[in-house]
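What follows is a set of notes on a single structure, which appears directly below.
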Amino acid sequence: MATVDDLQFEEFGDTTTSLAANPDATTISIEDPGETPKHKPGPPRGLGREEDDELLGNDDSDKTELLAGQKKSSPFWTFEYYQTFFDVDTYQVFDRIKGSLLPIPGKNFVRLYIRSNPDLYGPFWICATLVFAIAISGNLSNFLIHLGEKTYHYVPEFRKVSIAATIIYAYAWLVPLALWGFLVWRNSKVMNIVSYSFLEIVCVYGYSLFIYIPTAILWIIPQKAVRWVLVMIALGISGSVLAMTFWPAVREDNRRIALATIVTIVLLHMLLSVGCLAYFFDAPEMDHLLTSTAAPNQTVVAAKSS
């Protein structure tokens with residue numbers, strides 16, 4: 001059992017003296033928390049290494065980005081599943097609209113704007129705005145054509161809204177669906193073909209239609225030459241976006257198949273623009289001409305009967 005003398009505190013001398021007396025002793029240094037630790041020698045680290053870490057990122061930053069990039073997959077019948085398709089900010093939408101209005105040769109629209117975060121927000125509202133722009137402008141164009149006629153009574157044609165919606169949304173969904181199926185089929189035969197997802201193709205088609213919104217508003221001008229110049233400008237801009245985007249996806253395929261695919265894409269786009277112009281804007285002019293030519297014949301028939 002320990003005695004009282006064993007429990008008393010002992011004063012130790014200087015550390016240097018103790019080490020000299022017992023060289024094999026182990027010492028533990030306890031530093032003051034407020035004291036600045038001295039520099040300890042270590043492997044030299046140059047400036048280039050620090051810059052590389054900043055540019056490339058260390059392991060911790062890579063893990064953080066990897067975890068941040070992971071998204072929880074929700075079932076397709078839940079609201080959260082479709083909410084991810086509309087997770088886009090205003091800056092991204094404006095940037096993609098600007099890219100569809102100013103196509104850059106040699107730059108892929110999907111890789112430059114879409115692939116990082118494909119969305120349905122922009123295509124949905126662009127198509128909705130285009131539907132109302134075409135329907136309202138078509139009604140105003142019909143009103144301006146018959147303006148000044150005493151026998152004319154303006155009646156708004158609300159059916160043009162439903163017709164325009166059917167045409168625009170069918171084109172913006174069915175054509176991308178057919179193109180996506182074709183690219184998947186060709187990818188199974190030619191392995192080095194660039195693959196696009198269905199959402200990316202819908203996104204490209206939706207943003208390519210934005211140029212037709214101001215064009216449809218300007219179609220109110222009752223001059224056929226001006227309308228055709230406008231439709232050719234819009235067709236050239238939007239058609240070039242589609243051609244430059246989907247050419248890399250088919251250029252490794254058979255030459256004839258690749259050219260036929262691009263020509264088909266441009267022809268379908270031309271059919272949409274020319275068809276909308278002919279049905280919603282030129283049709284009232286044709287009705288007006290038929291009415292004006294039928295009026296003298298009716299007068300002649302009435303004169304003969306009398």
Side-chain angles (χ1 to χ4, degrees), residues 71 74 76 79-104 107-137 161-184 194-217 231 234-249 261-262 264-273 275-276 280:
K71 295 182 179 179
S74 303
F76 70 92
F79 179 76
E80 289 78 10
Y81 177 81
Y82 299 96
Q83 189 177 10
T84 58
F85 299 150
F86 295 85
D87 186 14
V88 65
D89 56 17
T90 306
Y91 174 78
Q92 288 178 322
V93 173
F94 283 161
D95 195 35
R96 294 171 184 184
I97 290 174
K98 183 178 67 175
S100 67
L101 295 177
L102 301 171
I104 304 174
K107 299 293 184 180
N108 192 301
F109 185 77
V110 172
R111 294 181 179 177
L112 195 61
Y113 300 101
I114 305 299
R115 179 146 293 177
S116 60
N117 184 24
D119 70 290
L120 292 179
Y121 179 86
F124 175 80
W125 287 111
I126 287 173
C127 291
T129 307
L130 181 59
V131 166
F132 286 99
I134 290 178
I136 295 173
S137 298
V161 178
S162 58
I163 295 175
T166 303
I167 294 173
I168 298 300
Y169 279 101
Y171 173 81
W173 283 91
L174 296 181
V175 174
L177 179 61
L179 181 59
W180 173 73
F182 175 78
L183 292 179
V184 171
V194 178
S195 61
Y196 293 142
S197 66
F198 175 66
L199 184 59
E200 290 174 345
I201 298 177
V202 171
C203 203
V204 173
Y205 268 86
Y207 281 103
S208 68
L209 293 176
F210 180 82
I211 185 62
Y212 286 99
I213 296 176
T215 302
I217 296 174
V231 75
L235 181 60
I237 294 175
S238 57
S240 61
V241 172
L242 296 177
M244 289 189 297
T245 300
F246 295 109
W247 173 248
T261 303
I262 299 300
T264 303
I265 291 173
V266 175
L267 285 179
L268 289 175
H269 203 65
M270 183 183 299
L271 180 63
L272 174 72
S273 56
C276 289
F280 293 99

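The analysis underlying the following values was restricted to heavy atoms, covering all of them including side chains, and did not include hydrogens, waters or symmetry mates. In this chain, residues are counted from 1 in sequence order.
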inquiry  = Would you compute the distance between atom OG of Ser208 and atom CD1 of Ile265 and round it to the nearest 0.5 angstrom?
reply    = 10.5 Å
task = List the atom of Ala133, the atom of Ser137, and the distance in Å for their closest heavy-atom pair.
result = O-OG, 2.7 Å
task = Kindly indicate whether the side chain of Leu183, heavy atoms from C-beta on, has any atom under 4.5 Å from the side chain of Ile201.
result = yes
request  = Provide the closest heavy-atom pair for Tyr169 versus Ala128 in the form atom of the first, atom of the second, distance.
outcome  = OH-N, 3.2 Å
request  = Please name all residues satisfying side chain to side chain contact (heavy atoms under 4.5 Å, CB included) with Phe198, sequence neighbours left out, ordered by chain then number.
outcome  = Trp173, Pro176, Leu177, Trp180, Val202
key: Those residues that, when tested against Val161, pass side chain to side chain contact (heavy atoms under 4.5 Å, CB included) (two or more places apart)   = Val131, Phe132, Ala135
task = Tell me, please, which residues at least two apart from Ala178 pass side chain to side chain contact (heavy atoms under 4.5 Å, CB included).
result = none
key: Distance (rounded to the nearest 0.5 Å) between Ile134 CD1 and Ile217 CD1   = 10.5 Å
message = With rounding to the nearest 0.5 angstrom, report the OH to CD1 distance, Tyr196 to Ile114.
response = 11.0 Å
task = Taking salt bridge (charged side-chain N to carboxylate O under 4.0 Å, His left out) as the test, write out the residues that go with Asp95, two or more places apart.
result = Lys98
task = Using the test side chain to side chain contact (heavy atoms under 4.5 Å, CB included), find all partners of Leu101 that sit at least two apart in sequence or belong to another chain.
result = Ile97, Phe210, Ile211
query = Going by heavy atoms in the side chains, are Phe280 and Ile167 under 4.5 Å from each other?
reply = yes
inquiry  = Does any part of the side chain of Ile168, heavy atoms only, come nearer than 4.5 Å to the side chain of Leu272, both counted from C-beta?
reply    = yes
query = What pairs meet the salt bridge (charged side-chain N to carboxylate O under 4.0 Å, His left out) rule with one or both residues in residues 114-133, with sequence neighbours excluded?
reply = Arg96-Asp119, Arg115-Glu200
note = Interatomic distance, OG1@Thr215 vs CD1@Ile237, rounded to 0.5 Å, equals 7.5 Å
ask   = How long is the gap from OG1 on Thr261 to CH2 on Trp247, to the nearest 0.5 Å?
value = 9.0 Å
task = List in chain and number order the residues that pass ring-ring contact (aromatic ring centres under 6.0 Å, His included) with Phe109, two or more places apart in sequence or in another chain; answer none if no residue qualifies.
result = Tyr113
message = Do Tyr212 and Ser273 make a side-chain contact, defined as non-hydrogen atoms from C-beta onward lying under 4.5 Å apart?
response = yes
query = Passes side-chain contact (heavy atoms from CB on, under 4.5 Å), Val93 versus Tyr207? Steps please.
reply = CA-CA 9 Å; Val93 173; Tyr207 281 103; 3.9 Å; yes
key: Which residues share a ring-ring contact (aromatic ring centres under 6.0 Å, His included) with Tyr171, sequence neighbours left out   = Tyr205, His269
key: Heavy-atom check, side chain of Leu242 versus side chain of Val266, under 4.5 Å   = no
Asn117 side chain vs Val88 backbone, donor-acceptor pair below 3.5 Å = no
inquiry  = Rounded at 0.5 Å granularity, tell me how far OG1 in Thr245 sits from CD1 in Ile262.
reply    = 9.0 Å
